[in-house]
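First comes the structure, then the notes that go with it.
Residue numbers run from 1 in the order of the sequence given. No experiment lies behind these values; they were computed from the predicted model shown. Read the numbers this way: they start at 1 and go in the same order the structure lists the ligands and their atoms.
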Amino acid sequence: MSAELIDGNALSKKIRTEVSERAAALAARGRKPGLAVILVGDNPASQVYVRNKVKACEDAGVHSVLEKYDASLSEAELLARIDALNRDPGIHGILVQLPLPKHIDDHKVIEAIAPAKDVDGFHVASAGALMVGETGFKACTPYGCMKMLESIGLKSLRGKHAVVIGRSNIVGKPMAMMLLQADATVTVCHSGTADLGHHTRQADVIVAAVGRRKVLTADMVKPGAVVIDVGMNRDEAGKLCGDVDFDGVKEVAGWITPVPGGVGPMTITMLLVNTLESAERAAG
Ligand code: GUN
């Protein structure tokens, strides 16, 4: 058996076209959506991510402001910038690229962002809203994974068992919450879970988000299961790969996301969706 691919590039393109139409409609009313992206320091991966986010905004007709600061920026200066952006009516989303330099407290910075502009969905208010089923912003990567499931007819997961491997605040925890809200039975594992395969073999849906290669191998997957790979790693040859042993697992799974071209493009797409949502709420 060979799994069908869930193509993140194709799904992103479709959703980004809808985002462009919504952005144009807002712009026509003089309410062009705006995203502020803040980068502190010169982390090479962050520079690439930030560039891709700004480019995606441009392509979708979303105004973007990129603020780059030297790694010596103080926490107080960063908080002052966020305060100004919170009050800027032309900005509907504020994204502070992580990780931040060590002398800056990530949590304090995220909590300084107005929840109404927290398009990353990292604020405690956003996480809390998700937990109790209220309107807030959903963290972009798990939100993108849910859209991928929806694209193959799995909007409702009633009667399905989903296993999440990984428990980060950015992916694993919000992912588990979103799967629960879609009525799945959810098991949250991590890289240290004893006999991980015992859990994953029962799953109809597996989301791997550990950040380590070959966390999930073919013997750990029930035939026909849906496998979503959030990992972004490099193999021995320096080639981009996920957390899933793709070549093995694709022979067992029913559906699988590739790396690259799977979850990756969806994260930025959902950032655009959240920014549009924020601008539409502000426009009334
Ligand atoms: N660093 C790695 N992923 C992300 C993300 O989704 N948002 C932000 N702000 N920083 C990140």
Note to self: Whether the side chain of Gln97 engages the backbone of Tyr49 through a donor-acceptor N/O pair (distance < 3.5 Å, no angle test) should be reported.
What the structure shows: no
Note to self: Nearest 0.5 angstrom please: Leu271 CG to Leu276 CG, how far?
What the structure shows: 10.5 Å
Check: Can you pull the residues with any heavy atom under 4.0 Å from ligand 1?
Finding: Lys53, Leu95, Val96, Gln97, Leu98, Asp120, Phe122
Pairs under 3.5 angstrom only: tabulate donor-acceptor contacts from the side chains of residues 149-159 to other protein residues two or more places apart or in another chain.
residue, atom, partner, partner atom, Å
Ser151, OG, Met148, O, 2.6
Ser156, OG, Arg158, N, 3.2
Arg158, NH2, Asp183, OD2, 3.0

Margin query: Applying side chain to side chain donor-acceptor pair (under 3.5 Å) as the test, list every pair that has at least one member in residues 203-232; sequence neighbours left out.
Written below: Asp204-Lys222, Arg213-Glu236, Thr217-Asp219
Name each donor-acceptor pair under 3.5 Å that joins a side chain in residues 37-47 to protein atoms two or more places apart or in another chain, with its distance.
residue, atom, partner, partner atom, Å
Asn43, OD1, Ala45, N, 3.0
Asn43, OD1, Ser46, N, 3.1

Margin query: Can you confirm whether Ile256 sits close enough to Pro258 that some side-chain heavy atom of one is under 4.5 Å from a side-chain heavy atom of the other?
Written below: no
